[in-house]
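The next block holds one structure in the form of structure tokens; read it before the comments.
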Amino acid sequence: QPIVDGNLAHIKTCKAAANAVAIPVVDLSESGAKTVIADACRDLGFFKVINHRISMDFLADMEAEAMKFFKLAPQEKAQFGPPNPFGYGSKVIGPNGDVGWVEYLLFSTNPDLISRNPNFAAPGISQTLWEMVSEYVSAVREMACSVLEMIAEELEMEAREALSRLISDERSDSCFRVNHYPACPELQALSGRSLIGFGEHTDPQIISVLRSNNASGLQICDADATWLSVPPDHTTFFFIVGDSLQVMTNGRFRSVKHRVLADSRKSRVSMIYFGGPPLTEKITPLAGVMEEGEESLYKEFTWCEYKKSAYKTRLGDNRLSLFEKSATAAATAAAAQ
Ligand SMILES: C=C1C[C@]23C[C@@]1(O)CC[C@H]2[C@@]12CC[C@H](O)[C@@](C)(C(=O)O1)[C@H]2[C@@H]3C(=O)O
Ligand SMILES: O=C(O)CCC(=O)C(=O)O
Ligand SMILES: [Fe+2]
């Protein structure tokens, strides 16, 4: 239901209430971590990591540096947009008419692209912020690799690096996004409804790693289609299973639908690393995962094909359904989980 007030025109609202949920916690230094990770990926497609050893001071400095950009005058920021797909965006998300109460910077972290044309990979960014982003992405990628290696071990894949190599590869097509959801005082007039900051969607990549300030707003959708509020925790990193990992595990892991609601008082800043494979990589269930005689639920496709197709969809579309062999096969697998 769109609201009509000038500034918020066309941005959808939704029912504010959602149940708060206890998010599975993974302590990377504990021996049982891989079981907790795999269970969480099957159940919610979402978990948080503690004891990650990334400095809180560094995270606070980087957030402050990103905020310096968002505090620039709208005309100055607009020079670095609209995103194509990288750059600065305000309210408009993607190329197909989606909008939200959000502004953002979207960068490629593909080293190839950066070395050929840094300005295309990261338009609008100061040297200081770019150095911080590079350091941040390296640290978060390393953490994501450890997590993917634990998953490979737990699922008894043929090699521990079967998944992690895809995002550590120098051709890895990964990207990074900083989202800013300004506080929206007009929201109080919405009588119990919330304004969409970032509409519901799944992430197309393998895995996403999200860190935010201590502002609420992030929600995930569970297997019963109930929206659950994620209590904010600026000291931890949230992991989100993406569509590609769902395919690589032949539907065992859930690519989780999530969204962000705006708040009337507190602004939210989030940073997300989207770990994607090289463009030419085939996205298909990994050998070690499959039971004898088990067939893939999905048609064969490369990451390049999936990405192309994703950019033709609206944010909330079920992008994977176009690649399912049959809707029935997928439903049967989900029911058997
Ligand atoms: C509406 C869109 C924005 C998006 C590309 C798309 O056409 C569909 C997927 C969207 C998404 C969601 C997760 C990430 O934020 C993102 C960068 C991605 O890889 O897929 C965005 C895309 C975007 O904002 O460009
Ligand atoms: O900003 C957030 O907390 C989540 C945003 C998100 O899901 C995305 O950018 O894909
Ligand atoms: Fe997302």
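All values below were derived from every heavy atom in this structure, side-chain atoms included, with hydrogens, water molecules and symmetry-related copies excluded. Just so you know, ligand 1 is whichever comes first in the structure, and atom 1 is the first atom listed for that ligand.
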At under 4.0 Å between heavy atoms, what of I240 touches ligand 2? The answer is neither
In ligand 2, the atoms that come under 4.0 Å of a heavy atom of Y181 are 1 (O), 2 (C), 4 (C), 5 (C)
closest protein heavy atom to atom 5 (C) of ligand 2 is N179 ND2, 3.3 Å
Exercise for the section: Take V209 and I272, measure what side-chain contact (heavy atoms from CB on, under 4.5 Å) needs, and give me the verdict at the end. Expected result: CA-CA 5 Å; V209 187; I272 310 111; over 6 Å; no
In this structure, atom 10 (C) of ligand 1 is nearest to the protein heavy atom L315 CD1, 3.9 Å
- Task: Any chance you could lay out the salt bridge (Lys or Arg N to Asp or Glu O under 4.0 Å) test for E103 and K91, step after step, and finish with the verdict?
- Result: CA-CA 6 Å; E103 58 174 344; K91 299 197 182 79; over 6 Å; no
(Q) Cation-pi check for F237 against R211: NZ or CZ below 6.0 Å from the six-membered ring centre and within 45 degrees of the axis, yes or no? (A) no
R177 heavy atoms within 4.0 Å reach ligand 1 at atoms 14 (C), 15 (O), 16 (C), 17 (C), 21 (C), 23 (C), 24 (O)
Worksheet entry | Intermediate values then yes/no, side-chain contact (heavy atoms from CB on, under 4.5 Å), W227 and R259 | CA-CA 9 Å; W227 284 104; R259 67 181 181 188; 3.4 Å; yes
Checking heavy-atom distances from atom 1 (C) of ligand 1 to each of D98, I240, N84, the winner is D98
Honestly, for L106 the part within reach of ligand 1 (heavy atoms, under 4.0 Å) is side chain
A student checking ligand 2 against D203 at a 4.0 Å heavy-atom cut-off should list atoms 10 (O)
Tested for salt bridge (charged side-chain N to carboxylate O under 4.0 Å, His left out) against E281, the lone hit among K307, R165, R171 is R165
Quiz item: With a 6.0 Å cut-off on ring centres, are F176 and Y273 close enough?
Solution: no
So the angle subtended at the Fe ion (ligand 3) by H258 atom NE2 and H201 atom NE2, rounded to 10 degrees, is 90°
**OP:** Give yes or no for whether the N/O distance cutoff of 3.5 Å, strictly under, is met between A310 and ligand 1.
**Re:** yes
Worksheet entry | 4.5 Å side-chain heavy-atom contact, C145 and I167 | yes
Under a plain distance cut-off of 3.5 Å, with no hydrogens placed, do S164 and E149 share a side-chain donor-acceptor pair?
yes
message: Could you check whether Q75 and Q79, counting side-chain N and O atoms only, form a donor-acceptor pair closer than 3.5 Å?
response: no
**Prompt:** Any side-chain donor paired with an acceptor under 3.5 Å for D224 and T226?
**Reply:** no
Short version for H201: what comes under 4.0 Å of ligand 1, heavy atoms counted, is side chain
Under 4.0 Å from one or more heavy atoms of S270, ligand 2 contributes atoms 1 (O), 2 (C), 3 (O)
Quick note on ligand 2: atoms under 4.0 Å from a heavy atom of H258 include exactly 7 (O)
Worksheet item: Judged by non-hydrogen atoms, does Y104 sit under 4.0 Å from ligand 2?
Response: no
- Query: According to the interplanar angle, ranging from 0 to 90°, do the rings of F323 and Y306 count as parallel (below 30°), tilted (30 to 60°) or perpendicular (above 60°)?
  - Reply: perpendicular
- Mind checking whether Q205 has an N or O less than 3.5 Å away from an N or O of ligand 1? yes
Counting from 1 in the order shown, the ligand 2 atoms closer than 4.0 Å to a non-hydrogen atom of R177 are 9 (O)
Out of H201, K257, M271, R259, the nearest non-hydrogen contact to atom 10 (O) of ligand 2 is supplied by H201
At under 4.0 Å between heavy atoms, what of L210 touches ligand 2? The answer is side chain
Note: P204, heavy atoms under 4.0 Å from ligand 1, region reported as side chain
Would you say R252 and N250 are linked by a side-chain donor-acceptor pair, where the criterion is simply a distance under 3.5 Å? no
*Would one find more than 12 heavy atoms of other residues, nucleotides or ligands at under 6.0 Å from atom CD of E142?*
no
So M62 and V178, do their side chains get closer than 4.5 Å, heavy atoms only?
no
Atom 25 (O) of ligand 1 has as its nearest protein heavy atom Y311 OH, 2.5 Å
Does atom NZ (K68) have a neighbourhood of more than 12 heavy atoms from anything else shown, all under 6.0 Å? no
Ligand 1 to G94, heavy atom cutoff 4.0 Å, flagged ligand atoms 1 (C), 2 (C), 3 (C)
Review point. Under 4.0 angstrom from ligand 1, any heavy atom of R319?
Key: yes
Notebook entry, point to check: Does the gap between the ring centers of F46 and F238 come in under 6.0 Å?
Noted result: yes
Per-atom filter on ligand 2: closer than 4.0 angstrom to a heavy atom of V260 are 1 (O), 2 (C), 3 (O), 4 (C)
Atom 3 (O) of ligand 2 has as its nearest protein heavy atom R268 NH2, 2.5 Å
Of all the N, O or S atoms in D203, the one nearest to the Fe ion (ligand 3) is OD1
of all protein heavy atoms, closest to atom 13 (C) of ligand 1 is D203 OD1, 3.4 Å
Near F274 (heavy-atom distance under 4.0 Å), the atoms of ligand 2 are 8 (C), 9 (O), 10 (O)
